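What you see below is based on every heavy atom in this structure, not just the backbone, and it leaves out hydrogens, waters and symmetry mates. By convention in this document, chain letters (A, B, ...) are assigned in the order of the sequence lines, proteins followed by strands, and residues within each chain are numbered from 1. Computed from a predicted model, the values in this text were never measured in an experiment.
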Protein chains: 2
Amino acid sequence: MGRKLYDLVGEDPACRFSPFCWRSRLALAHKGLDVETIPWRFTETERLGFSGQGKVPVLVDGDSVVPDSWAIACWLEDRYPDRPSLFGGEGGKAVSLFTNSWADGVQHPQVSRMVVADIPPLLAPADRAYFHESRERRFGMPLEQVSADRAERVKTFRREVLHPLRVTLERQPWLGGDAPRYADYIVFGAFQWARVCSAFELLEDGDPVAEWRERVLDFHGGLARATPARPAPGLKGAAA
Amino acid sequence: MGRKLYDLVGEDPACRFSPFCWRSRLALAHKGLDVETIPWRFTETERLGFSGQGKVPVLVDGDSVVPDSWAIACWLEDRYPDRPSLFGGEGGKAVSLFTNSWADGVQHPQVSRMVVADIPPLLAPADRAYFHESRERRFGMPLEQVSADRAERVKTFRREVLHPLRVTLERQPWLGGDAPRYADYIVFGAFQWARVCSAFELLEDGDPVAEWRERVLDFHGGLARATPARPAPGLKGAAA
């Protein structure tokens, strides 16, 4: 039985923008494991019924069904111990959960506010309606309004939110140390999400975080770079 | 030659409040290594001349002199590989540097703002003058003013700054996983700093972070708990 990953897509099935799915795709590549990605859209929750929940990523590995990006990383580490390690030991796994919590709770909400208004045009019609309605309910305002202050917000994001990341990457080339590990894929996922969905630039040239992002884009034969960045021209709401 | 750690003290040499020194003291205890702590005060920079710099902690281990808490942790891990590991592998060490950067750059500035005004009365006279002057220059305002909004600030601190810590500790008992590791001592250091310097309570009962703090206080035979918390009565600026 082949290995499959259910992966969020836009109207164009080549548009792969879920930060959580990117964590899992890079984790699979890190382990040197082939995978067939199955395009999935927000409103297709029924198609995930077999997994007991309604979100991606979901990994189907032989007879095993593993939803949730963190659970997938732990599954891959346990199931394929002879492949390159995602965590570099039990301590790395434990402390990576803090990185995971920081990404989910601090990095993602900031990135989301800056790019959310650019996402609907990328989605299939049914998803577009779902996304608009659910995200406007979450933020309590029109999406255009959520992202309206991003030219200001990005300054604080760079200076304060990314500060611990920058200090770390000034001292070592990867969050994982001398080589990338799962911690890199956790944090990179949100930058890839922004890159695919929005022409709004989160990082400045010369920032060690921007240089690290390039290294992750290049890694595994340019796996993440192969999904194109959102182009600037003709993009609604891209000018900030 | 004995092992020595230069450790910041108040006017009372039993008042040990440096968050960075606490990282190193707990790291030494984790390794099961005896150490003589040498009381040191802010204005005694000349006494550290042998270390090539002017801050504590400084570890003197045989013929080796190691300043800086992170460097001390790495030294202990490399020098005593057969003792319990501080990092749990190379991945743990690398990802702990992100935790270290988060503590230094996000947690510490917040804690500092809330407790800084309580520190001068604890210090020896020469240190008191130095501390007042240097910290008021850093913050650009009187220390009492820096901490004046702490009753409000602590709400955001608990809800937002500690969020990634809380989410992690809801899923595992220690940042290090099933047992404490250096990541726990990094983050605990700032709570111990606040506990020793100020009666202002950073954490609420029932918060998983508060429960974890109790576990660290109990660990290693209650090493950190043996340094008493600042009592509330008669404390200048304690009422917020």
Side-chain angles (χ1 to χ4, degrees), chain A residues 30 68 70-71 73-74 77 81 84-110 156 158-188 208-209 212, chain B residues 30 68 70-71 73-74 77 81 84-110 156 158-188 208-209 212:
Chain A
H30 184 103
D68 180 75
W70 178 258
C74 295
E77 189 76 343
S85 173
L86 285 164
F87 297 121
E90 278 304 305
K93 177 176 166 180
V95 183
S96 292
L97 186 58
F98 176 74
T99 308
N100 205 75
S101 305
W102 176 83
D104 292 355
V106 179
Q107 181 197 23
H108 277 218
Q110 291 290 328
T156 313
R158 290 171 182 161
R159 189 179 61 245
E160 294 180 13
V161 178
L162 299 185
H163 175 79
L165 196 55
R166 183 175 301 116
V167 170
T168 308
L169 294 169
E170 282 168 348
R171 294 177 65 172
Q172 59 191 28
W174 306 91
L175 293 178
D178 293 332
R181 295 195 193 273
Y182 190 62
D184 292 276
Y185 311 141
I186 292 168
V187 177
F188 173 79
V209 180
W212 161 84
Chain B
H30 184 103
D68 180 77
W70 178 258
C74 295
E77 189 76 343
S85 173
L86 285 164
F87 296 120
E90 278 303 306
K93 177 176 164 179
V95 182
S96 291
L97 186 59
F98 176 73
T99 308
N100 204 76
S101 305
W102 177 83
D104 292 355
V106 179
Q107 182 197 23
H108 277 219
Q110 292 290 329
T156 313
R158 290 170 183 161
R159 189 179 62 245
E160 295 181 12
V161 178
L162 300 185
H163 175 79
L165 196 56
R166 183 174 301 115
V167 170
T168 308
L169 293 168
E170 281 168 350
R171 294 176 67 171
Q172 58 192 29
W174 307 91
L175 293 178
D178 293 333
R181 295 193 193 274
Y182 191 62
D184 292 275
Y185 311 140
I186 293 168
V187 177
F188 172 79
V209 180
W212 161 84

### Plane angle bin for B:F98 and A:W102 - parallel if under 30°, tilted between 30 and 60°, otherwise perpendicular
perpendicular
### Message
Quick check against the 3.5 Å criterion: does B:Q172 have a side-chain atom that pairs as donor or acceptor with the backbone of A:A94?
### Response
yes
#### Entry: Which atoms of A:V106 approach chain B - backbone, side chain, both or neither, heavy atom under 4.5 Å
side chain
#### Entry: Residue that, paired with A:L97, satisfies side-chain contact (heavy atoms from CB on, under 4.5 Å) out of B:T168, B:L169, B:V95
B:T168
### Message
As an exercise, state the distance from NE2 of B:H163 to OG of A:S101, rounded to the nearest 0.5 Å.
### Response
7.5 Å
### Query
Counting heavy-atom pairs under 4.5 Å to chain B, which of A:G92, A:G89, A:P164 comes out on top?
A:P164
### Query
A:L86 versus chain B, heavy atoms under 4.5 Å apart: side chain, backbone, both or neither?
neither
